[in-house]
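Report on one structure; see the data block that follows.
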2 protein chains.
Amino acid sequence: MKDVASRAGVGLKTVSRVVNGEPGVTAGTRRRVQEAIDALGFRRNDSARVLRKGRTATVGLILEDLADPFYGPLSRAVEEVARAHDTLLINGSSAHDANRERELALALCARRVDGLLVVPAGTDHRYLEPEMRAGIATVFVDRPARAVEADTVLSDNHGGARAGVAHLIAHGHRRIGYIGDVPGIHTSDERLRGYRTAMEEAGLPVRPDRVSVGSTAPQRVRRAAEEMLDGPDPVTALLTGNNRVTVTVVRVLAERQPHRPVALVGFDDFELADLLRPAVTVVAQDPAGLGRVAAQRLFARMAQAELEPSVVELPTRLVVRGSGELPPVD
Amino acid sequence: MKDVASRAGVGLKTVSRVVNGEPGVTAGTRRRVQEAIDALGFRRNDSARVLRKGRTATVGLILEDLADPFYGPLSRAVEEVARAHDTLLINGSSAHDANRERELALALCARRVDGLLVVPAGTDHRYLEPEMRAGIATVFVDRPARAVEADTVLSDNHGGARAGVAHLIAHGHRRIGYIGDVPGIHTSDERLRGYRTAMEEAGLPVRPDRVSVGSTAPQRVRRAAEEMLDGPDPVTALLTGNNRVTVTVVRVLAERQPHRPVALVGFDDFELADLLRPAVTVVAQDPAGLGRVAAQRLFARMAQAELEPSVVELPTRLVVRGSGELPPVD
DNA sequence: CTGAAAGCGCTTACAG
DNA sequence: CTGAAAGCGCTTACAG
């Protein structure tokens, strides 16, 4: 910038004005400066700009795994909102690891992102309190923070699971199993609670051998499903707690064809669910909606730091396709 | 940092040493500084650091759409390589728009990312030459840059499509159609070329009414498929040019069941392809491999700017599942 | 072992 | 309309 100024024979500030399209420069001067810029191949360094301005025009998004199809649309929706605010997005995957989440979040804060969106992997987010006090706007998505009061955008996990099980009950099922994710994860706990609620509302027993929570690794899910299907008092229907679980259970059921058909409702929609036979009935979340609403809240808070923390819960939607409407077969 | 120094009664440089864990500070001094840091809630500002150091420890990745399942694993693989180099990743979606690609790339360059990975949407990348000359390492992924010589990592699109069509021919098909993406996109052109090569090698005619390229919008693909299936001289097999096209064609074929079965090989693998009936035979790319290899090349170039530009082509893999082995039915 | 000065590349506040 | 000075928050190069 100094070189441009001396080459154009003007002051530093004039170059700055031209580069930023500010008024108060005669056409002639502007042209001379522009020529110097072109000749020297000058490109403004936004890092230096940031240092003076105090805003980085960057927000961070920490999620579990960018390769999971649930997070692609979520991240993309955040990006679109950020773009509308001329802001770039730094993505980071915690890989389901609380330490990695923390490292990433603090690295983003050290870069002074203007805002931070976090899908919590960890169970204690007090480490973010100093950052939030220091002015980094923070919104939690998909799961609430633990031990910290902050803006949060969730799906109605309890209501969705409850509706899914009620649907199975309405189709005559009484022996319904639940296979879900690791306990302690908010979404996982809420969906299990929804299962319990629906069962209790129908006066049905919640038997421990019909509830299996743990890793979503195919091996574990497969074993859990087989135990429920092959026991002495086998289930006639299943609710699966997320898309990873659903996919494995669909595989297990497909292998058993043309055995006794088992009804299935999956939490989370997935591509091609309608093309499977039977097509899979799901409780659909809106990942893009989660991202959009959370990002909008983030920018609102960035503009107005003194907002009261709010919790928003987005509705889920039961998508009827066939697998959830199979009648019970003993 | 100034406040910390005066509170601890030391110089600025000593604080810097403590913050960065550099040697040459007595334990007592270190402790005093640390106490001041804690008391004041000091957090180093990495933006300022960047300005002095010249490195931002950030790389950018521009792809088409983060919500597309092809790019999730690719982006994630880049992130892992970046993480191994203590570098953050800024993602940006061009949304298939050349102008948006350019805006994003230049915005990332203005922030002085150390490196840039680009899945080209545009057809002329000369706009990046000044940035590359100025020292921003750049690698193109999945498609080559136009009008610029640079590192490039591709899939073997021609070979993959050729193998897919040869597979259909080996199963007795002679009337084989190709439905692909917009012409002008490198991957699209190469796959079409692979189709032609295989047909010509078998002495089969490449008829214009059996080749349809254009938008991957379901509506267009559906019409293209129906024309080839319902014409006077209908195809007995199809090669689809990417995952978006495959999904739509699978839908069309499923709706026509139990009509005359049509063989299908899809370019790109997709989740649950094995659960469809028939399971879908595909030419699988390795999106994570593309991301990994490209990112490794990027960091190699960042370390050693004078490397000769190279082009790497990753192999594809034919995954036999059933749809590609259906015999021709007239 | 420790620190004062200069500087990274911009913008802000002010004066002319 | 234009520019010189100060400063954003660090690190580098050097001296003590």
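Computation of the quantities below employed the complete heavy-atom set of this structure, encompassing side-chain atoms and omitting hydrogens, waters and symmetry-equivalent molecules. Lettering follows sequence order; numbering is per chain, from 1.
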Original post:
DNA chain C in dot-bracket, Watson-Crick or G-U pairs under 3.5 Å, [ ] crossing, | other strand?
Top reply: |||.||||||||.|||
Subject >> Sub-4.0 Å heavy-atom contacts from residues 31-47 of chain B onto DNA chain D, ordered by number >> reply: Phe42(B), Arg43(B), Arg44(B), Asn45(B)
**OP:** Keeping to residues at least two apart or across chains, list the ring pair (Phe, Tyr, Trp, His ring centres under 6.0 Å) pairs with something in residues 80-111 of chain A.
**Re:** His85(A)-Phe299(A)
Original post:
Which parts of residues 14-27 of chain B get close to DNA chain D, meaning a heavy atom less than 4.0 angstrom away?
Top reply: Ser16(B), Asn20(B)
Original post:
dG3(C), dG3(D), dC10(D): which one has an atom nearest the side-chain heavy atoms of Met1(B)?
Top reply: dC10(D)
Original post:
Can you list every pair that meets side-chain hydrogen bond (donor to acceptor under 3.5 Å, both in side chains) and has a residue in residues 131-142 of chain A, with sequence neighbours left out?
Top reply: Glu131(A)-Arg43(B)
Throw together a table of side-chain donor-acceptor distances under 3.5 angstrom for residues 3-14 of chain B, partners on residues two or more places apart or in other chains.
residue: Ser6(B); atom: OG; partner: Asp3(B); partner atom: O; Å: 3.2

Below 3.5 Å is the cut-off: list the nitrogen or oxygen pairs between protein and nucleotides 6-8 of chain D, distance only.
residue: dG7(D); atom: N2; partner: Arg52(A); partner atom: NH1; Å: 3.3
residue: dG7(D); atom: N3; partner: Arg52(A); partner atom: NH1; Å: 2.9

Original post:
Which pairs count as salt bridge (charged side-chain N to carboxylate O under 4.0 Å, His left out) when at least one residue sits in residues 110-120 of chain B, sequence neighbours excluded?
Top reply: Arg55(B)-Asp114(B)
Subject >> Set of residues satisfying salt bridge (charged side-chain N to carboxylate O under 4.0 Å, His left out) with respect to Asp65(B), sequence neighbours excluded >> reply: Arg76(A)
**OP:** State which residues pass side chain to side chain contact (heavy atoms under 4.5 Å, CB included) with Asn20(B); sequence neighbours excluded, sorted by chain then number.
**Re:** Ser16(B), Glu22(B), Arg44(B), Arg49(B)
Subject >> Contacts of type side chain to side chain contact (heavy atoms under 4.5 Å, CB included), residue Val78(B), not counting sequence neighbours >> reply: Leu61(B), Leu74(B), Leu89(B), Leu117(B), Ala295(B)
**OP:** List in chain and number order the residues that pass side chain to side chain contact (heavy atoms under 4.5 Å, CB included) with Ser310(A), two or more places apart in sequence or in another chain; answer none if no residue qualifies.
**Re:** Asp151(A), Arg297(A), Val312(A)
Subject >> Spacing between Lys13(A) atom NZ and dC14(C) atom P, to the nearest angstrom >> reply: 13 Å
